[in-house]
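Note sheet for the following structure.
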Amino acid sequence: MLSTQHLIVALAENSSVQAQIIRNALGELGITRMEVFETGSDLLDYISQYKPDVVMSAFHLPDMTAGEMIFRMRGHLELRDIPFILVSSETNPELIDPMRQAGLMGILPKPFDLPQLRKVINDTMDFLSVNQSDNDGDIDYADLNILLVDDSVMARRHIRTVLERLGFEKITESWSGKDALPLIDSTLFDLVLTDYNMPMMDGCELTRYIRTNSMQSSVPVIMISSEENMEKLAAAEAAGVSAIMGKPFETSAVRQILRTQLAQR
């Protein structure tokens, strides 16, 4: 199993002071193998050749934003599953939400404290280490039918990666609630994972349909969404979602919720 001593980090940060702060903080966790790059282009060139375990980046770089960087990575077959940690004080939802959808491992503020860094690194290690041996002995994940509904291709890919590492094999994807309805009406699923905000029919409406109009009204529905509006989330709970998780999500938390919900079936 990968340990922090062997973890290789590639950091994009054009401030030497900030880079040293991050280096020192990682060192406190036993992480000493870190390469620093001042531009996004230099980091992308490096990871294309050497494949580090994790990428960390400031949001604003001289040649691109962290958003542009993660989208380039997610569009590259060999780079798309590398964990990406944003280190930034940027809070504009229009800039950050697309990155959440692209599968951020975590967001660290500037300045961050050691417990915040430890939490993100621990989840990154969990993501890198998760495998089929972590399954509950009583549940054969490979035999279960999963429906994954999200209008973001990158979000579906990230969630699917976690599911496949856990041992799920039968995963059906849909890009909207409305597109998922024929699947709900024709196929029995053991679990539904859905986003909240989607075109044509959102996750709340999809959940309501499953609970009141489908032949599988008791199927567990887990909502994984960057939605933070409490009224909307309350409406989703009222519609019958079994659990709600934010984006970015913790791999260990997803695993625990899956175990809990599937064990109740």
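Keep in mind the model is a prediction, meaning the values are calculated, not measured.
- M99 CE to S57 OG: the interatomic distance, rounded to the nearest 0.5 Å, is 7.0 Å.
- Inspection of the Q20 and N24 side chains reveals an N or O donor paired with an N or O acceptor under 3.5 Å.
- Rounding to the nearest 0.5 Å gives a distance of 6.0 Å between OG of S152 and NZ of K247.
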Checking side-chain contact (heavy atoms from CB on, under 4.5 Å) for the pair I70/M154: CA distance, chi angles, key distance, verdict?
CA-CA 10 Å; I70 193 173; M154 293 185 184; over 6 Å; no
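- Defined by atom type and a distance below 3.5 Å, a donor-acceptor pair is missing between the side-chain atoms of T251 and D126.
- The two residues P248 and R100 come nearest to each other via the heavy atoms CD-NH1, 3.4 Å.
- Residues L108 and M125 share a single hydrophobic cluster, defined by chaining ILVMFWY side chains whose heavy atoms lie under 4.5 Å apart.
- Contact check for F37 versus D45: no side-chain heavy atoms found under the 4.5 Å cut-off.
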Checking S217 against I210 for the side-chain contact (heavy atoms from CB on, under 4.5 Å) test, could you report, in this order, the C-alpha distance in whole Å, the side-chain angles of both residues, the deciding distance, and whether it holds?
CA-CA 5 Å; S217 60; I210 291 172; 5.7 Å; no
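- Judged by distance alone, with hydrogens and angles left aside, the side-chain atoms of D195 form no donor-acceptor pair with the main-chain N or O of M223 at under 3.5 Å.
- Under a 3.5 Å cut-off, the side chain of S242 and the backbone N or O of V221 do form a donor-acceptor pair.
- A heavy-atom distance below 4.5 Å is found between the side chains of M105 and D123.
- Using modelled atom types and a 3.5 Å distance limit, the side chains of S174 and D179 yield a donor-acceptor pair.
- Residues T65 and M69 have side chains not in contact (no heavy-atom distance under 4.5 Å, counting atoms from C-beta outward).
- Side-chain polar atoms of S226 and Q101 form a donor-acceptor pair below 3.5 angstrom.
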Working note: F189 + L183, criterion side-chain contact (heavy atoms from CB on, under 4.5 Å); need CA distance, chi angles, decisive distance, verdict.
CA-CA 9 Å; F189 292 101; L183 298 171; 4.2 Å; yes
CA sep, side-chain torsions, deciding dist, call: K110, E13, salt bridge (Lys or Arg N to Asp or Glu O under 4.0 Å):
CA-CA 12 Å; K110 285 184 177 180; E13 173 59 78; 2.8 Å; yes
Determine whether E68 and R72 satisfy the following criterion, salt bridge (Lys or Arg N to Asp or Glu O under 4.0 Å), listing intermediate values before the conclusion.
CA-CA 6 Å; E68 293 173 296; R72 292 191 191 185; 5.4 Å; no
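- D42 and T39 share a side-chain donor-acceptor pair at under 3.5 Å.
- Atom CH2 of residue W175 and atom CZ of residue R156 lie 10.0 Å apart, to the nearest 0.5 angstrom.
- Minimum heavy-atom separation, S176 to M198: CA-SD, 4.0 Å.
- Connection of I22 to I8 is not established within any shared hydrophobic cluster, with ILVMFWY side chains joined at heavy-atom distances below 4.5 Å, either directly or through further cluster members.
- Using a 4.5 Å cut-off on side-chain heavy atoms (C-beta onward), I47 and M73 make contact.
- Across all non-hydrogen atoms, the minimal contact from D53 to P83 is O-CD, 3.1 Å.
- Closest approach of Q261 and I222 over heavy atoms only: CG-CD1, 4.2 Å.
- Residues T260 and Q256 bring a donor and an acceptor atom of their side chains to less than 3.5 Å of each other.
- Atom CD1 of I184 is separated from atom CG of L206 by 6.0 Å, given to the nearest 0.5 angstrom.
- For the pair Q116 (side chain) and D113 (backbone), a donor-acceptor distance under 3.5 Å is present.
- Taking each heavy atom of L188 and N145 in turn, the nearest pair found is O-ND2, 3.4 Å.
- Taking the six-membered ring for Trp, H158 and F84 have ring centres at least 6.0 Å apart.
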From CA spacing to verdict: salt bridge (Lys or Arg N to Asp or Glu O under 4.0 Å), K232, D202
CA-CA 11 Å; K232 289 186 176 181; D202 64 28; over 6 Å; no
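- From F59, atom CZ reaches atom CG of L86 across 7.5 Å, with rounding to the nearest 0.5 Å.
- Shown here is Q5, whose CD atom has more than 12 heavy atoms of other residues, nucleotides or ligands within 6.0 Å.
- Counting heavy atoms from C-beta on, the side chains of E164 and I171 come closer than 4.5 Å.
- Other residues, nucleotides and ligands place more than 12 heavy atoms under 6.0 Å from the NZ atom of K51.
- Around atom NZ of K170, more than 12 heavy atoms belonging to other residues, nucleotides or ligands sit under 6.0 Å away.
- Taking OG of S89 as the reference point, atom CD1 of I107 lies at 12.0 Å (rounded to 0.5 Å).
- Proximity of a side-chain donor or acceptor of R74 to a complementary backbone N or O of A102 within less than 3.5 Å is detected.
- For the pair E90 (side chain) and N92 (backbone), a donor-acceptor distance under 3.5 Å is present.
- Under 3.5 Å, the side chains of Y196 and D150 contain no donor-acceptor pair of N or O atoms.
- Taken together through direct or relayed side-chain contacts under 4.5 Å among Ile, Leu, Val, Met, Phe, Trp and Tyr, F249 and L128 form part of one hydrophobic cluster.
- Both V254 and Y141 belong to a common hydrophobic cluster when Ile, Leu, Val, Met, Phe, Trp and Tyr are linked at side-chain heavy-atom distances under 4.5 angstrom.
- Applying the 6.0 Å contact sphere to CD of E38 captures no more than 12 heavy atoms from other residues, nucleotides or ligands.
- Looking only at side-chain heavy atoms (C-beta outward), L191 and L147 stay at 4.5 Å or farther from each other.
- Contact annotation: the side chain of I146 approaches that of L163 to within less than 4.5 Å [non-hydrogen atoms, C-beta and beyond].
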Determine, step by step, whether M56 and L26 satisfy the side-chain contact (heavy atoms from CB on, under 4.5 Å) criterion, reporting the C-alpha distance in whole Å, the side-chain angles of both residues, the deciding distance to 0.1 Å, and the verdict.
CA-CA 11 Å; M56 301 179 71; L26 289 173; 4.1 Å; yes
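- Using modelled atom types and a 3.5 Å distance limit, the side chains of Q216 and S214 yield no donor-acceptor pair.
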Evaluate E250 against K119 for salt bridge (Lys or Arg N to Asp or Glu O under 4.0 Å), listing each step before the verdict.
CA-CA 9 Å; E250 296 178 20; K119 183 176 183 297; 2.3 Å; yes
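- For R165 and F127, the positive end sits near the middle of the six-membered ring, less than 6.0 Å away and at most 45° from its axis.
- Across all their heavy atoms, R211 and V219 have their closest contact at NH1-O, 2.6 Å.
- At a threshold of 4.5 Å between non-hydrogen side-chain atoms, the residues L79 and S48 count as touching.
- Hydrophobic cluster membership is shared by L114 and I85, with clusters built from Ile, Leu, Val, Met, Phe, Trp and Tyr side chains linked at under 4.5 angstrom.
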